[in-house]
Structure formats: structure tokens, C-alpha cells
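Taking it in order: structure first as C-alpha cells, then the write-up.
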Number of protein chains: 2
Amino acid sequence: MSRRDAILERAVEVASEEGLEGLTIGRLSSELGLSKSGLFGHFGSKEELQLAAVDAANVIFFDEVIKPTLKEPEGAPRLRAYCESWVGYLERKVFAGGCFFAAAAAEFDGRPGPVRDKLRDGQGLWLSEITKQAKLAGVKDPDQLVFEVSSLVQGANAAYQLFEDEQAFTRARQAIARLLPG
Amino acid sequence: MSRRDAILERAVEVASEEGLEGLTIGRLSSELGLSKSGLFGHFGSKEELQLAAVDAANVIFFDEVIKPTLKEPEGAPRLRAYCESWVGYLERKVFAGGCFFAAAAAEFDGRPGPVRDKLRDGQGLWLSEITKQAKLAGVKDPDQLVFEVSSLVQGANAAYQLFEDEQAFTRARQAIARLLPG
DNA sequence: CCTACCGATCGGTAGG
DNA sequence: CCTACCGATCGGTAGG
């Protein structure tokens, strides 16, 4: 693992807990025991550091959520696996501060620029992949189903983060089961 | 309207767009044309300003969402009115940056302290009021219903804020209609 | 990768 | 409510 990767590992953790704006160069460098300018040199600007952190979080999401489901056949089984894996990713607390993407989207949805664009594109890609599986599964209104599943997953994350409500994951699973075909 | 109220009106707007941490005393005072220490004197600390902004947002939420529904009889009609009013509040764009509470909760859910506590208590009160109406309406699992409705409303807010998807409000209404009794 | 520095801004205070 | 100030920290640069 390169030094850059080590920085990004810590950056993603900090950002999930305190936001992408809380990712200050001074704080991150002192936590990792290198100078500000040493860290800065790996990225060139704070915005580039934020973009790199989003890329690193996207890789983690792929490894933790998507990759383990790829053995399931496309259509209904894959759709079901995506949903279970997505809730499981929250339940396993992959990021210390809850879903990195929910936190980052809430923080940047009102700030136009490349960070917002990267977040939107990444989440858009994931939602369209679920939609594709819903279509293959013969769901009547795939966009509506994906809106509902996505809302329930986000809702479980928010309920757990604010109320420490562990039941939220079970509630999300129960609601999603009612929506899936079969 | 007192000067303090005028400050809070602007503070709530800024916080919905850029977060409660983006509410800097210097920025807010220059936007409102008074000195930093002049503004500071109304609150005493940044945290007190944030707490006052949450209180102000709670008042707006009550006036915009709850008050107009109080003419409906308790139980199923009130429950239905709460849901419609809650989605309508997003659709009407009461706050410039979307739901103040969703943004603030995402920002503070990882930061223990009085701001987080006030957000959690305010949202808890609202959720328990909806749950009460669901019980009166004879819903079998009121907590589950409220989890789902709340997720769908939050999901619509998030989808609109990140993707500018105006359809999200209709999708939330459609899903909620399937959950409500009658 | 480092030290040493820049101007700007932060939250907050003193004193009036 | 104001001016004037405090130490700390911000993102970023110069130079090695």
C-alpha cells in the first residue's frame, strides 16, 4: 500500500464521521505523522484530496457491496442480493460514521462543483445498475422500486446514526421484502 | 421582528444550504451588515447560535407542516394530512437548501453535544406524534409504518437535492399511499 | 518528503 | 451596538 493509499484510508474514515469539509490538511497530516506540505504534495489542492477520498470510498463500496453479489444470476436473484448486501453494508459499519455517501451527498448537494458531480455520478451509476436488475426481474415500475429501496436504505442509515436504532436495519429489510418480486 | 429574529431567519437559510458549521459569525454578520461582535452578542457562542437556529427551524416546521393539519380529526385523517403536509413542505421548498433537519442531522449525527441532542429530540417528537396518529388509525405496526414514511420523505428530499429529480415527490406520495390505511 | 512562511478567516474578548 | 484586537487554524507556496 502506497503512502497515498494510507492517507486516503484515513481520509475516508474522517470524512464519514465529520464530513468532507472536516478533512483539513493540517489535521490529517498531524494524525498521520507527516508535514502539511508533505501530505499536500500528494494531492495538490484540498478539492483534489476530497475527490480522491470519494474515489477511494467508491472502491470500498464496490468491494463490500457489489463484488460479493456478482455470483448471483442477473435479474431477480441479483436484485435481491444487491438489496441484502446494501443493508448489510450499513449493519456491518463499513465506515465509522455510517454511510460515507449519504453524509457526503447531504454535505455537497448544495455546493456545485466537481465533488458534487462525482458523488452524483457514482450514486447514479449504482442506482441505474439496480434499476437494470429490476427490469430484468420483470418489475412493473423499476424506477419506483429503486426509489423506494434507496429511500429505505438511507432511512435505516439516518435512523441508526441519529437514534442508535439497531432495529432500523430489520425494518428496512422487512419493507424491502414486501417490494421485491417473488 | 427583533434583530435577533432577523439574524436567525438568515441563519436558518444559510444552514439549510451550507450546513450549521458553515454558519460562521463573520460571514453572517457581513451579510446582515453588522459587526461580528454585534452579532456575537446576541448569542454568546457559536454553539448557542446553532442551537437558536435549530429552534427557529423547529418553529418554521411547526407552522408549515403541523399547524395546517390540526383541523383534521385525529387518527387516519390526521395521519394522512401529516404525510401530505410533510411531502408538500419539501415540494414548496420551504428552506432554500432542502430539508433543514435532514442536512443538520447528517452533519451532526457523528458529533455528540447539545446541537445533536436538540436535533434528535425535535425529530423524535415529530416521529412519535405521527406514530400516535398511526396507532389511533388502527395501523398494525405503527413504528414500522413511521419508519417507512419517514424514509420515503427523506429519500425524496435526497433525490431532489442531488439529482434535481422533481418526480421524487410524486414517487414518495405514491409509496406512502400504499402504506396508509383506507 | 521537510521547514518556514504567506494572507485570510476562524471563534472569541476587551473596552467603550 | 462599535473598533480593535487575540491566538489558532485554514489552504496554499517557496525553496530546498
Side-chain angles (χ1 to χ4, degrees), chain A residues 1-56 103-104 107-108 110-119, chain B residues 1-56 103-104 107-108 110-119:
Chain A
M1 190 165 79
S2 71
R3 171 130 257 192
R4 192 173 186 275
D5 288 346
I7 294 168
L8 287 174
E9 189 174 302
R10 183 72 195 129
V12 164
E13 206 71 359
V14 169
S16 86
E17 292 174 298
E18 314 204 23
L20 279 166
E21 213 55 57
L23 257 193
T24 73
I25 291 164
R27 180 208 165 150
L28 202 56
S29 61
S30 80
E31 280 187 22
L32 292 164
L34 77 169
S35 69
K36 272 174 57 178
S37 69
L39 188 145
F40 190 85
H42 285 284
F43 303 97
S45 74
K46 183 174 185 180
E47 189 170 76
E48 288 296 331
L49 166 62
Q50 292 173 326
L51 289 167
V54 175
D55 279 330
E107 187 178 6
F108 274 81
R111 309 185 197 185
V115 177
R116 189 198 134 124
D117 291 348
K118 190 182 277 287
L119 290 165
Chain B
M1 190 167 77
S2 71
R3 170 130 259 191
R4 191 174 187 275
D5 288 344
I7 294 168
L8 287 173
E9 189 174 303
R10 183 72 195 128
V12 165
E13 206 70 359
V14 169
S16 86
E17 292 175 298
E18 315 204 21
L20 278 166
E21 213 54 57
L23 256 194
T24 72
I25 291 163
R27 179 205 166 152
L28 201 56
S29 60
S30 79
E31 279 188 21
L32 292 164
L34 77 169
S35 70
K36 271 175 56 178
S37 69
L39 188 145
F40 190 86
H42 285 284
F43 304 97
S45 73
K46 182 175 185 179
E47 190 170 76
E48 289 296 332
L49 166 62
Q50 291 173 327
L51 290 167
V54 175
D55 280 330
E107 188 178 4
F108 274 82
R111 308 185 199 185
V115 177
R116 188 198 135 123
D117 292 347
K118 190 182 277 286
L119 290 165

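Chain letters run A, B, ... following the sequence lines, proteins first, then strands; residues in each count from 1. For clarity, every value in this text was computed on a predicted model and none was experimentally measured.
- Of all the residues in residues 14-23 of chain A, not one reaches under 4.0 Å from DNA chain D with any non-hydrogen atom.
- The nearest whole Å value for the distance from the CG atom in Leu39(A) to the P atom in dG12(D) is 12 Å.
- For DNA chain C, runs of at least 3 consecutive pairs of the Watson-Crick or G-U wobble type, with both hydrogen-bonding distances under 3.5 angstrom, map to C:1-16 with D:1-16.
- Here the side chains of Phe43(A) and Ile25(A) are not in contact, with every heavy-atom distance at 4.5 Å or above.
- Using modelled atom types, no side-chain atom of Glu47(B) and backbone atom of Pro114(B) make a donor-acceptor pair closer than 3.5 Å.
- In this structure, Gln50(B) and Leu20(B) approach most closely via the heavy-atom pair NE2-O, 2.9 Å.
- Rounded to whole angstrom, the span from the NZ atom of Lys46(A) across to the C1' atom of dT9(C) amounts to 13 Å.
- The stretch residues 28-38 of chain A touches DNA chain C through Leu34(A), Ser35(A), Ser37(A), Gly38(A), each having a heavy atom within less than 4.0 Å of the strand.
- Under the 4.5 Å side-chain criterion, counting only non-hydrogen atoms from C-beta, His42(B) is not in contact with Glu48(B).
- For the pair Glu13(B)/Glu31(B), no side-chain contact is recorded, criterion being any heavy-atom separation below 4.5 Å from C-beta on.
- The shortest non-hydrogen separation linking Arg111(B) to Glu21(B) is NH1-OE1, 2.9 Å.
- The minimum heavy-atom distance linking Leu8(B) with Ala53(B) is given by the pair CD2-N, 3.8 Å.
- Between the Ser2(B) side chain and the Asp5(B) main chain, a donor and an acceptor come within less than 3.5 Å of each other.
- One interatomic measurement links the two molecules: CG of Leu49(A) to C1' of dC10(D), which rounds to 14 Å at whole-angstrom precision.
- Here the P atom of nucleotide dT9(D) and the CZ atom of Arg27(A) are 13 Å apart, to the nearest Å.
- Between Pro112(B) and Gly110(B), the shortest heavy-atom distance links the atoms CD-O, 3.5 Å.
- Taking atom CD1 of Ile25(B) as the reference point, atom P of dC10(C) lies 9 Å away to the nearest angstrom.
- Between Ala52(A) and Arg4(A) the shortest heavy-atom distance is CB-NH2, 3.8 Å.
- Nearest nucleotide to the Thr24(A) side chain, out of dG12(C), dC10(C), dC10(D): dC10(D).
- In this structure, the CZ atom of Phe40(B) is 14 Å from the P atom of dC10(C), given to the nearest Å.
- Between Val54(A) and Lys118(A), the shortest heavy-atom contact is CG1-CD, 3.7 Å.
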